[in-house]
Each structure stands twice: as structure tokens, then as C-alpha cells.
Trainee: 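Before I ask anything, let me first share the structure, which is written out below as C-alpha cells.
Note: hydrogens, waters and symmetry copies are ignored here, and every other heavy atom, side chains too, is used. Lettering follows sequence order; numbering is per chain, from 1.
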Amino acid sequence: MDDTEKVGNSSCSDGVLLRMGLNDNKAGMQGLDKEKINKIIMEATKGSRFYENELKKDQQVNQRIEKMMQLKEKITTQQLLKAQLQVDKLVIELEQSRNLSSTIVHIDMDAFYAAVEMRDCPELKEKPVAVGSMSMLSTSNYHARRFGVRAAMPGFIAKKLCPHLTIVPLNFEKYGKVSKEVREILTEYDPNFMPMGLDEAYLNITEHLEERVRWPEDKRRFFFNTKNDTNMSAKSNEGGYSSPVLFEDNTPLMGNHPKQRDQSVENSVIFGTSAEEVVKEIRFRIEQKTQLTASAGIAPNVMLAKMCSDRNKPNGQCRISPERRAVLDFLRDLPIRKVPGIGKVTEKMLKALGIVTCSELYQQRALLSLLFSEASWRNFLDISLGLGSTHLEKDGERKSMSIERTFSEINTAEDQYSLCRELCRDLAQVLQKEGLKGKTVTLKLKNVNFEVKTRASTVLSSVSTEEEIFYVAKDLLGTEIDNIAPHPLRIRLMGVRVSGFLSEEEKKYHQKSIMSFLKSEKEIGFLRLQPGKSNEECFTKNSETSPRGSFFDKKRAARQLSRENLSPSETVGKQLFHDRKSSADFVKETKNVTELQNSNMSKIITCPVCFEEQSSNNLEELNRHIDDSCTEKFSQVISDKSHREKQLSNLSDIARNVCMKQCLFPKRISKDNEDHFEKTEHAEETSSCCSFEATEDSVLVCPVCNSKQKTTSLVSFNRHVDVCLNKGLIKELTEKKDFPSKTYNMENSNTVGEYAH
DNA sequence: CGGATCGAC
DNA sequence: CTATGTCGATCCG
């Protein structure tokens with residue numbers, strides 16, 4: 001959305017509020033200047049709980065900056081030199097991998113929600129308009145922006161800035177429809193285009209361009225929608241901008257092709273075959289179809305395309321030609337805040353280091369590699385080189401699903417619990433619609449002082465129904481209520497999230513193991529932990545002898561849990577208030593369940609492991625089902641292998657193979673004498689799948705320094721390998737005489753890049 | 001794993 | 001009166 005335009009100047013200590021107000025004020029136009037805007041905002045804000053919290057957050061950021069500056073002081077020129085060598089070696093690699101062959105387009109509808117509302121209500125056309133409510137605005141039109149009215153600003157403050165502002169409530173259904181119309185156009189240019197919200201999308205038009213050169217003119221001819229003509233020209237004048245005829249942007253619409261000025265058909269236009277022409281065509285068609293304008297960016301990668309579309313909005317487009325030089329020129333004076341992924345906080349931190357533009361980001365690359373995490377400074381480096389993804393990766397599987405609501409203060413436990421239940425119910429509904437179950441439930445609370453807390457709990461088996469989610473969430477909530485007692489918990493927001501879904505891969509693995517399990521006992525020899533004995537015997541034995549933390553203990557815990565959870569849903573529903581479960585209560589509940597089971601009432605029982613409702617109330621049958629579920633659960637544990645393989649993919653190539661082998665076939669060089677279950681010994685010999693369990697306490701050898709690493713986790717092992725790799729790299733760089741040929745100079749280290757100064 | 005934070009729409 | 005809702009990523013303990 002073009003109205004999400006990043007604003008903010010958070011470098012000054014009182015910058016908290018500035019981010020809401022800054023606005024270029026076109027000279028001579030009706031509106032307010034920055035100073036006035038900030039004054040009004042400040043008056044409306046100061047003293048509020050919200051403001052106090054903003055100040056608090058701001059101080060936290062300042063502390064982070066202080067820490068960073070202290071770290072910076074400790075850096076020696078030696079360290080900086082080493083870092084420079086290391087980073088610049090990487091720069092060379094990155095530079096070699098630069099790929100300019102794709103054409104990525106970013107389409108961004110102008111002030112989308114506001115534009116739709118204005119289109120549908122001519123009354124609004126000449127007025128300042130915002131979409132949202134008195135408490136929060138989603139967007140504003142350009143007229144309103146001149147008063148400092150922007151997205152993410154509460155409506156009541158916007159009203160103070162601009163008393164004539166019309167606030168239109170959100171109407172997502174309508175925006176969805178319009179969005180769909182736009183997408184129908186986009187899909188013709190890239191069937192795999194990637195929508196980002198309702199008003200933005202990325203397209204990879206590389207293939208389209210290849211085909212298009214062979215297209216006859218007729219395929220590139222489009223007609224004006226004469227019916228909407230008047231409407232349309234009014235539209236491109238949105239907010240009083242005296243902009244022009246369609247496509248009077250940076251380049252003339254018709255380009256140089258003589259044939260493009262086709263007069264034979266009065267009300268049609270023919271577009272050329274270049275990327276610019278394609279994008280003009282897209283914008284033309286969008287406007288003809290929806291009466292709304294869009295801005296666009298064309299560039300060799302996603303990041304650049306996004307920044308590019310920002311350049312000439314509204315109703316304009318911009319292209320970075322696929323040349324290294326053009327990319328670097330574009331970036332040279334570009335403020336880092338314009339870069340997607342760089343927000344208010346990062347901007348402020350970098351500003352503390354004197355970094356404002358992308359070229360400055362490049363100049364400080366060595367320093368940044370010492371002050372920031374690997375992921376961060378690598379990202380900074382990519383940004384300053386103008387590197388980004390050259391294709392559109394379809395987003396992966398969903399990782400979490402959540403729901404949250406803001407309300408006026410709620411401070412009684414009773415209301416809080418019923419609210420929590422309601423959230424769980426609504427969440428369960430959408431969760432089940434997508435057929436998802438997750439193992440982690442997170443409760444989010446925001447108190448009346450705007451302080452946010454999250455509390456999570458991971459359970460053994462995936463949850464998805466209202467009851468299951470609430471069962472976990474209510475305890476999290478209870479703990480928070482208890483923690484603050486005797487004060488009441490005064491909240492203004494509550495949210496519930498479920499995460500930890502089985503990935504598609506895991507689902508398949510899971511399914512497969514169930515299938516083979518059901519198919520025949522013989523075929524699942526790998527599951528059998530002790531040859532010659534049945535699985536059941538194995539499980540029972542281990543559940544008695546295995547050390548704490550094992551799956552079998554968890555199973556037992558699950559059974560315990562089941563006694564609480566087995567109560568039929570109505571009971572669970574009633575037991576909710578103030579049930580911090582005194583042991584007496586617990587006994588009562590348990591007793592109820594026992595009675596229930598003994599009686600022959602036909603109630604629905606929920607399996608504590610798989611959480612499926614069981615029609616039978618025969619205890620034996622139920623227990624058998626629970627055992628089966630546990631077996632299933634066990635195969636899930638095995639399938640965790642794929643997780644670790646994913647982690648391994650983060651390792652360097654050299655390290656990965658070694659590590660992979662060792663993880664799959666761990667060689668136990670030494671081990672503590674405690675906590676070894678027999679199971680793993682057997683498992684190691686019989687199957688690599690089971691042996692994975694044993695990896696936790698095995699010894700890995702660093703593929704770089706060859707020393708034995710006793711790891712408790714792959715993460716720390718990875719860290720060690722990384723350190724070793726870095727050491728090796730520095731050594732290599734300092735020892736090699738032929739590389740680099742130039743001497744590195746701290747002050748002026750532009751040996752690789754091309755930024756001036 | 002859990003919690004906080006950042007950033008995007 | 002009155003400062004969103006949802007999601008993914010990352011960092012740290």
C-alpha cells in the first residue's frame with residue numbers, strides 16, 4: 001500500500017511521536033506543516049497511557065543502542081581489519097552471484113481502501129478521507145495526508161489534525177472483490193504471481209517478456225472503457241493532484257514505436273514489448289477495469305522492485321534497468337528506511353552509527369559484521385549491494401494461526417475466562433476449516449498500560465477444537481491471574497495463537513508410518529525396539545524403566561492428563577472459573593470421571609493423545625485406542641529427524657556432509673554414565689531412524705578443526721563450526737600473498753564496491 | 001521451548 | 001472516550 005509509506009525520524013530522543021506526523025507538505029496546498037502536525041499530535045497524546053508506554057519502549061531501544069555503542073568502543077583496528085577482509089571476500093562471492101536476468105514487477109494500488117470508497121461515493125471525491133474507525137485508521141487519501149493523517153493513526157487524532165476528515169468504516173468484502181478483479185489481470189502476465197495483501201503483488205514477467213516479443217499488435221491492443229471515461233479522469237486527479245492524462249509519468253506512454261500511435265481505432269491503445277510497456281499495459285487495464293490507479297516498480301529482483309514502486313507514486317512507475325551500475329545508482333542516496341525489512345528501530349540503531357543511506361550501509365559493512373548478528377549483517381550486505389531474490393517463492397505452509405481482540409478494560413477473572421473461551425472457539429473454527437492442528441498454544445495479553453505479554457505452552461499432541469485449545473489457554477490465563485493477585489488483571493487485549501503444526505512433509509511421514517504400522521507387524525521391524533518382543537511389551541517395559549523426559553514418560557503424563565481431560569465437554573465447560581485446581585478439586589474431577597466411566601451413560605470421550613472423540617465408553621477399548629495413539633505419537637518422534645535435517649541445511653557445505661553422516665550414524669566416543677536407556681543401544685544397531693534419538697548425547701567432530709565437540713544441541717555445534725570456519729577464513733586471507741592485491745584501508749575501504757566515498 | 005521484539009500489510 | 005489484527009523471522013536465555 002502506498003499509504004504505508006514509512007515515516008519517522010526516530011533519532012532524536014523525543015522522536016516517539018514524530019513517526020506519526022511527518023509528511024511532505026506540498027507548498028501552497030491546503031494542509032498543515034510538519035511542525036503544526038507534530039504539535040497537534042503531541043497535545044492529543046501526552047499524558048496518555050499509550051504515550052507512557054511509547055516512552056518506555058523508546059528507552060529500551062536507547063539502551064540497546066547504548067550497548068551497541070559500548071561494544072563498538074571495544075573493537076580494535078585489528079578486529080576491524082580482519083572483519084573487513086572476511087566481509088570483502090564475501091562481497092566478491094556475492095558480486096559473482098549477482099543475477100540480473102529476471103524481470104520482477106511490484107504492483108501497488110494507490111491508497112487502496114480510500115480509493116475504493118471514493119470511487120463508490122462521489123461525495124467523497126474532493127474531501128479528505130480516511131478508512132477505519134475513531135480508534136484506528138487503515139489508510140487515508142492523499143488529500144488527508146496533507147494534514148498528517150496516515151495509516152496506523154487513531155481516528156480521533158486524525159480528526160484533530162483535520163476536522164473535516166471523513167472516516168469511512170472498513171468494508172473488506174468490497175476490497176476483496178476489487179482485489180480479485182485486479183488479480184485476474186495480473187495472472188495473465190504471471191500465473192504464479194504473488195499477492196501481498198489485498199493491494200499489492202509481485203510478478204515475475206521474465207517469461208511473459210520472452211513470449212511477448214513475438215506477439216502481433218492485436219494481442220497488445222486494449223480499448224478505453226468509454227463508459228467510465230469521465231469517471232476515470234476524475235480519478236487520476238485524486239486528492240487534487242494536478243496529474244495528468246493517463247500515463248504522463250516518467251516516460252511517455254507511447255514510446256518510440258511509430259506503430260503504437262494507432263489512429264485506425266480511435267479508442268484503443270497498443271502497448272509495446274518492453275518491460276515498461278508491459279507494466280503500463282497492466283496499469284492501464286487495472287484502471288479501465290476498476291477505475292483505480294496503481295503504481296509499479298520494475299527491477300531485477302524483488303527487493304529492488306518494491307523500492308522502485310515507491311519512487312513515482314501515486315499513479316506512476318519506475319524501472320531499474322538490469323545493470324549493476326543502475327542498481328548501485330538507485331541505492332546510493334536511498335535512505336535505508338525505504339528498504340523493506342528496515343523499520344523504525346533498525347533505522348535508529350543504524351543512525352546511531354552514522355548510517356542513513358544505503359551507500360553508508362555498504363561503507364560500514366565491516367563494523368556491522370562485528371556489531372550485528374550474522375543474519376542481520378548479511379542482510380545489510382545484500383541490501384547495500386542491491387541483491388535480492390530473483391524469483392517469487394510461493395510461501396510455504398502456514399506456521400501459526402491466531403486471533404486477538406481489543407476491548408475496553410476487562411478486569412474480572414470471570415469475564416476474562418469467558419472471553420478466552422470465545423477466542424478459542426473462533427480460533428478453532430478457522431483452524432478446523434484449514435484442517436490444522438498445532439501443539440503449541442500461546443496466550444497474549446495487553447494490560448491497560450499497553451504492556452504486552454505472551455505465555456505459551458506446548459502439549460504432547462496437536463490441538464484444534466475449542467475445548468482442546470481452551471484447556472491449555474485457560475491454565476495460561478489462570479497463571480497470569482494468580483501471578484498478579486491480589487490485584488486484578490486489567491487487560492485491554494487478549495489473543496490466542498496455535499502453532500507447531502505438522503509440516504506437510506511430517507504429515508506424509510506420519511501417514512506412512514501409520515500405514516505400515518497397520519499393514520503388518522513384520523514390515524515395521526524398525527519400530528521394534530527389542531527383537532523378539534512385541535511392541536506392546538517394549539512400551540510397557542520402557543515406560544517403567546526409562547529415564548525422565550523420555551517419550552514413555554510423556555505417554556504416562558498424557559494418561560494422567562487424560563483423567564482431567566476425559567471429562568465430557570459439558571463438564572469442561574463448566575469447570576472453568578477459578579479452578580486453579582486445588583488438589584481437592586482435582587480429586588473431585590477424577591472421581592466424577594471414574595463414575596462416569598463406570599456408569600453406562602453414553603458420553604463422548606476424548607482421547608488424550610490424538611484428541612479424537614471416541615464413541616466407545618468401554619474402558620478396555622478406550623485404553624487400546626490410547627495405546628495405539630501413543631504408538632502413532634512415537635512414529636512422530638522418529639519423524640522429527642526431518643527437522644534436524646533442516647537444521648543441517650544451515651551449515652556450510654563442507655560441514656553439512658560430515659555432520660549429516662555423524663548425525664545419522666553417531667559414533668559415541670564418550671558418554672556420561674547416566675541416563676542411557678537400553679533402547680538407544682539397540683536402536684543404534686538396528687536402525688538409523690531410531691538412532692536419531694541417541695544423537696542428543698553423542699559426540700560430533702568439527703569438520704574444520706577436527707576437534708571433538710560434546711554438543712547438547714546442533715545449534716551450539718553449528719556455532720562452533722561457524723567460528724572455526726571464520727578463523728580459517730581469516731588465516732587464509734592473511735596468509736595468502738596474492739590475495740587481495742590491494743591493501744585494505746580502514747578509512748576508505750572501497751576496494752570492492754563502487755560507491756564513491 | 002518460551003518470550004520479547006521487529007517488521008510488513 | 002478513543003492507539004488494530006495477523007503473520008513470519010529472529011534473538012536471547
Side-chain angles (χ1 to χ4, degrees), chain A residues 1-6 8 10 16-17 19-20 41 44-45 48-54 57 60-61 64 67 108-109 112-113 131-139 150-160 167 170 172 175 179 195-201 303 306 337 339-349 372-379 395-409 423 426-427 430 439-446 448-459 476 492-500 643 650 713 715-716 719:
Chain A
M1 233 187 240
D2 67 339
D3 46 286
T4 57
E5 213 173 298
K6 295 178 182 180
S10 38
V16 183
L17 299 171
R19 68 188 161 90
M20 293 191 289
I41 293 177
T45 299
S48 66
R49 295 177 195 256
F50 175 80
Y51 179 61
E52 292 304 313
N53 189 252
E54 288 298 295
K57 286 196 291 185
Q60 284 174 8
V61 173
R64 272 179 71 181
K67 268 192 187 172
D108 187 340
M109 300 295 293
F112 187 52
Y113 299 168
V131 181
S133 72
M134 226 30 176
S135 44
M136 186 53 62
L137 300 181
S138 288
T139 187
R150 353 189 97 263
M153 174 182 282
F156 71 95
I157 290 180
K159 275 284 196 186
K160 290 184 179 169
I167 298 182
L170 283 158
F172 278 112
Y175 315 140
S179 183
M196 308 289 290
L198 291 176
D199 71 325
E200 276 182 39
M303 177 188 71
K306 165 83 184 166
R337 189 52 159 71
V339 177
I342 307 270
K344 197 173 64 100
V345 174
T346 311
E347 178 194 33
K348 190 169 174 178
M349 295 217 290
F372 288 83
S373 71
E374 171 106 1
S376 293
W377 71 257
R378 295 278 296 240
N379 182 232
D395 26 25
E397 301 144 34
R398 176 188 283 283
K399 300 241 171 64
S400 74
M401 188 170 280
S402 65
I403 186 170
E404 68 188 58
R405 249 167 239 162
T406 296
F407 34 78
S408 51
E409 173 170 349
L423 290 169
D426 294 352
L427 181 57
V430 275
K439 288 196 278 291
T440 302
V441 175
T442 307
L443 181 75
K444 175 175 171 180
L445 299 173
K446 175 150 65 183
V448 289
N449 294 320
F450 291 89
E451 294 161 335
V452 178
K453 250 186 215 168
T454 61
R455 293 288 177 264
S457 170
T458 301
V459 293
L476 295 169
R492 72 178 339 266
L493 172 146
M494 188 187 291
V496 179
R497 171 161 74 245
V498 171
S499 56
H643 264 324
N650 293 331
S713 74
V715 180
S716 54
R719 206 170 301 154

Trainee: Which pair of non-hydrogen atoms, one from A:M494 and one from A:L423, has the smallest distance, and what is that distance?
Mentor: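 Looks like O-CD1, 3.5 Å.
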
Trainee: Let me confirm one number: the CE-CG distance from A:M303 to A:N379, rounded to the nearest 0.5 Å.
Mentor: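 Output value for this atom pair is 8.5 Å.
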
Trainee: Output the rounded distance in Å from NZ (A:K444) to P (C:dG8).
Mentor: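 One finds 14 Å between P of C:dG8 and NZ of A:K444, rounded.
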
Trainee: Base, sugar-phosphate, or nothing for A:V61, non-hydrogen atoms under 4.0 angstrom?
Mentor: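 Sugar-phosphate: the residue A:V61, judged by heavy atoms under 4.0 Å, touches backbone atoms but no base.
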
Trainee: Picking from B:dT5, C:dT2, B:dC9, which would you name as closest to the side chain of A:S135?
Mentor: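 Nucleotide nearest to A:S135's side chain: C:dT2.
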
Trainee: Calculate the interatomic distance between A:M196 atom CE and B:dA8 atom C1'; express it in whole Å.
Mentor: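 In whole Å, B:dA8 C1' lies 7 Å from A:M196 CE.
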
Trainee: Base, sugar-phosphate alone, or nothing: which one does A:R497 contact when heavy atoms must sit under 4.0 Å apart?
Mentor: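 Counting heavy atoms under 4.0 Å across all strands, no contact is made by A:R497.
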
Trainee: Does the C:dA3 base have a donor-acceptor partner in the side chain of A:T45 within less than 3.5 Å?
Mentor: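 Pair found.
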
Trainee: Between C:dG5, C:dA3, B:dC1, spot the one nearest the side chain of A:R492, thanks.
Mentor: C:dA3

Trainee: Nearest to the side chain of A:M401, heavy atoms from C-beta on, is which of C:dT4, B:dG2, C:dC7?
Mentor: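 Shortest atom-to-atom distance from the side chain points to C:dC7.
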
Trainee: Can you tell me how far C1' of B:dG7 sits from CG of A:N379, to the nearest Å?
Mentor: 12 Å

Trainee: In whole angstrom, give the distance that lies between atom CZ of A:R150 and atom C1' of C:dT4.
Mentor: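 Result: 18 Å.
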
Trainee: Rounded to the nearest angstrom, tell me the gap between atom CG in A:L170 and atom C1' in C:dT6.
Mentor: 14 Å

Trainee: Using a cut-off of strictly less than 4.0 Å, decide whether A:K57 has a side-chain nitrogen or oxygen near OP1 or OP2 of C:dA3.
Mentor: no

Trainee: Any idea which of C:dT4, B:dC6, C:dT2 is nearest the A:R64 side chain?
Mentor: B:dC6

Trainee: Starting from the 5' end of DNA chain C, give me the residue, A:S400 or A:K446, whose nearest nucleotide shows up first.
Mentor: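 The residue closer to the strand's 5' end, by nearest nucleotide, is A:K446.
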
Trainee: Check whether any side-chain nitrogen or oxygen of A:R398 sits under 4.0 Å from OP1 or OP2 of C:dC7, and answer yes or no.
Mentor: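 Looking at the OP1 and OP2 atoms of C:dC7, one of them is under 4.0 Å from a side-chain N or O of A:R398.
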
Trainee: For the side chain of A:E404, starting at C-beta, report the closest nucleotide among C:dT4, C:dG5, B:dC9.
Mentor: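 Shortest atom-to-atom distance from the side chain points to C:dG5.
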
Trainee: Can a salt bridge be assigned to the pair A:E52 and A:R49 using a cut-off of 4.0 Å between side-chain N and carboxylate O?
Mentor: no

Trainee: Calculate the interatomic distance between A:F407 atom CZ and C:dG5 atom P; express it in whole Å.
Mentor: 9 Å

Trainee: Please name the pair of heavy atoms, one in A:M153 and one in A:I41, separated by the smallest distance, quoted to 0.1 Å.
Mentor: CE-CD1, 4.0 Å

Trainee: Determine the contact category for A:M134: base if any of its heavy atoms lies under 4.0 Å from a base atom, sugar-phosphate if only primed atoms, P, OP1 or OP2 are that close, otherwise nothing.
Mentor: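 The answer is base, as A:M134 lies within the cut-off (heavy atoms under 4.0 Å) of a base atom.
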
Trainee: Please report the shortest heavy-atom distance between A:S400 and A:S499, naming the atom on each side.
Mentor: CB-CB, 3.7 Å

Trainee: Determine the contact category for A:L198: base if any of its heavy atoms lies under 4.0 Å from a base atom, sugar-phosphate if only primed atoms, P, OP1 or OP2 are that close, otherwise nothing.
Mentor: nothing

Trainee: Nearest whole angstrom, please: distance from the C1' of B:dA4 to the CG of A:N53.
Mentor: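 My rounded result for the distance is 13 Å.
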
Trainee: So A:Y175 and A:Y113, would you call those rings parallel, tilted or perpendicular, with 30° and 60° as cut-offs?
Mentor: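 Taking A:Y113 first and then A:Y175, their aromatic rings lie parallel (interplane angle under 30°).
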
Trainee: Determine, stepwise, if the pair A:M349 / A:R64 fulfils side chain to side chain contact (heavy atoms under 4.5 Å, CB included).
Mentor: CA-CA 8 Å; A:M349 295 217 290; A:R64 272 179 71 181; 3.3 Å; yes

Trainee: Among C:dT4, B:dG7, C:dT6, which nucleotide sits nearest the side chain of A:V345?
Mentor: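 Ranking C:dT4, B:dG7, C:dT6 by closest atom to the A:V345 side chain puts B:dG7 first.
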
Trainee: How long is the line joining CE of A:M136 and C1' of C:dT2, in whole Å?
Mentor: 10 Å

Trainee: From the list B:dG7, C:dG5, C:dG8, which nucleotide is the closest neighbour of the side chain of A:T346?
Mentor: B:dG7

Trainee: Between C:dG8, B:dT5, B:dC9, which nucleotide has the shortest distance from any of its atoms to the side chain of A:E200?
Mentor: B:dC9

Trainee: Considering only B:dC1, C:dG8, C:dT4, which nucleotide approaches the side chain of A:T458 most closely?
Mentor: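 The closest nucleotide is B:dC1.
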
Trainee: Just checking A:L137: base, sugar-phosphate only, or nothing, at a heavy-atom cut-off of under 4.0 Å?
Mentor: nothing

Trainee: Could I get a table of every N or O pair under 3.5 Å where one atom is in the protein and the other is in nucleotides 9-13 of chain C?
Mentor:
{"residue": "C:dA9", "atom": "OP2", "partner": "A:K399", "partner atom": "NZ", "Å": "2.8"}
{"residue": "C:dC11", "atom": "OP1", "partner": "A:S373", "partner atom": "OG", "Å": "2.1"}

Trainee: Run the side chain to side chain contact (heavy atoms under 4.5 Å, CB included) test on A:I167 and A:K159 for me, step by step, so that the C-alpha distance in whole Å, both residues' side-chain angles and the decisive distance to 0.1 Å come before the verdict.
Mentor: CA-CA 9 Å; A:I167 298 182; A:K159 275 284 196 186; 4.3 Å; yes

Trainee: A:T454 side chain: which of C:dT2, B:dG7, B:dA4 is closest?
Mentor: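 Of C:dT2, B:dG7, B:dA4, B:dA4 is nearest to the side chain of A:T454.
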
Trainee: Could you work out, with side-chain contact (heavy atoms from CB on, under 4.5 Å) as the rule, every residue matching A:Q60, not counting sequence neighbours?
Mentor: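 For A:Q60 the side-chain contact (heavy atoms from CB on, under 4.5 Å) partners, ignoring immediate neighbours, are A:K56.
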
Trainee: Counting the atoms with a prime plus P, OP1 and OP2 as sugar-phosphate, which does A:S457 contact under 4.0 Å by heavy atoms, base, sugar-phosphate, or nothing?
Mentor: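 Sugar-phosphate, backbone atoms only, no base.
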
